[in-house]
Amino acid sequence: QVQLIESGGGTAQAGGSLRLSCVASGSTYNPNCMGWFRQVPGKEREAVAAVYTLGGKTHYADSVKGRFTLSQDNAKNAVYLQMDSLSPDDTAMYYCALAHGFTIVPGPACMGDDVYWGQGTQVTVAS
């Protein structure tokens, strides 16, 4: 099992910044990827960004490219999402994900044979 603890959500003004953190514990050895998703009530969960263990590459959704930066600290089993130039459209519940398995075509959606989710952290951007 894997436990994911997120922190760093809150309220920001449009154009501002927030930094989300996610720390993993449990069966975290050699995951396929770690990443972030977001969801607005009534809409499907949307992939934001993911980093893959094989190759170490990071992938971003088009909606956040150039504004969000995903980084990781392997020693701490942690990933961070630096969110800059925030807009009200970024308002959502943000979820950390860790997946075991293999992805043929890596992208911003961290998926695999087993996917684990954090409890979510709310991000609200005021206009």
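Since the model is a prediction, treat every value here as computed from it, not as a measurement.
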Partners passing side chain to side chain contact (heavy atoms under 4.5 Å, CB included) against T124 (at least two apart in sequence or in another chain)
T11, T91, Q122
Going from NZ on K76 to OG1 on T28, what distance comes out if it is rounded to the nearest 0.5 angstrom?
15.0 Å
Check the pair M83 / V123 against side-chain contact (heavy atoms from CB on, under 4.5 Å), numbers first and verdict last.
CA-CA 10 Å; M83 305 185 294; V123 171; 3.8 Å; yes
Got a donor-acceptor contact below 3.5 angstrom from the T103 side chain to the V105 backbone?
no
Does the side-chain contact (heavy atoms from CB on, under 4.5 Å) test come out yes or no for S127 and Q13, once each step is laid out?
CA-CA 6 Å; S127 58; Q13 294 294 316; over 6 Å; no
With a 4.5 Å cut-off on side-chain heavy atoms, are W36 and L70 touching?
yes
A side-chain contact here means heavy atoms from C-beta on lying under 4.5 Å apart; do V115 and L98 qualify?
no
Looking only at heavy atoms, which two atoms of S17 and S85 are closest? And how far apart?
OG-N, 4.5 Å
Below 4.5 Å, heavy atoms only, C-beta onward: do D90 and R67 meet side chain to side chain?
yes
Approximate separation, where rounding is to 0.5 Å, of Y116 OH and L4 CG
10.0 Å
Got a sec, which hydrophobics cluster with V40, joining ILVMFWY side chains under 4.5 Å apart, including via others?
none
Centre-to-centre under 6.0 Å for W117 and F37, is that the case here?
yes
Please check: side-chain N/O of H100 versus main-chain N/O of S27, any donor-acceptor pairing under 3.5 Å?
yes
Any side-chain heavy-atom pair of P108 and Y60 under 4.5 Å
no
Taking only residues two or more places apart in sequence or in another chain, which ones pass salt bridge (charged side-chain N to carboxylate O under 4.0 Å, His left out) with R45?
none
Listing request: all salt bridge (Lys or Arg N to Asp or Glu O under 4.0 Å) pairs with a residue in residues 21-35, at least two apart in sequence or in separate chains.
none
Nearest 0.5 Å please: distance from the CD atom of E44 over to the CZ atom of R38.
14.0 Å
Locate the shortest heavy-atom distance separating Q119 from I5; write the atom from each residue and the value.
OE1-CA, 4.1 Å
side-chain contact (heavy atoms from CB on, under 4.5 Å) between S7 and R19: does it pass, once the steps are laid out?
CA-CA 9 Å; S7 60; R19 186 173 185 254; over 6 Å; no
Please evaluate residues T69 and L81 with respect to the criterion side-chain contact (heavy atoms from CB on, under 4.5 Å), reporting the C-alpha separation (whole Å), side-chain torsions for both, the decisive distance (0.1 Å), and the verdict.
CA-CA 6 Å; T69 303; L81 187 67; over 6 Å; no
Counting C-beta onward and ignoring hydrogens, is there a side-chain heavy-atom pair between F102 and M111 closer than 4.5 Å?
no
Enumerate the disulfide (SG to SG under 2.5 Å) contacts for residues 44-95, please, sequence neighbours excluded, ordered by first and then second residue.
none
Do Y95 and T121 come close enough that some side-chain heavy atom pair is under 4.5 Å?
no
Taking G120's backbone N and O only, do any of them form a donor-acceptor pair with E6's side chain (distance below 3.5 Å, no angle check)?
yes
Any side-chain heavy atom of F68 sitting closer than 4.5 Å to one from D84?
no
Among residues two or more places apart or on two chains, list those pairs meeting disulfide (SG to SG under 2.5 Å) that have a residue in residues 92-127.
C22-C96, C33-C110
At what distance, to the nearest 0.5 angstrom, does CG of N77 lie from CD of Q3?
11.5 Å
Between L86 and L18, what is the shortest heavy-atom contact and its length?
CD1-N, 3.8 Å
Compute the ring centroids of Y52 and H59, then answer whether they are less than 6.0 Å apart.
yes
Which heavy atom of G112 sits nearest to which heavy atom of A99, and what is that distance?
N-CB, 3.8 Å
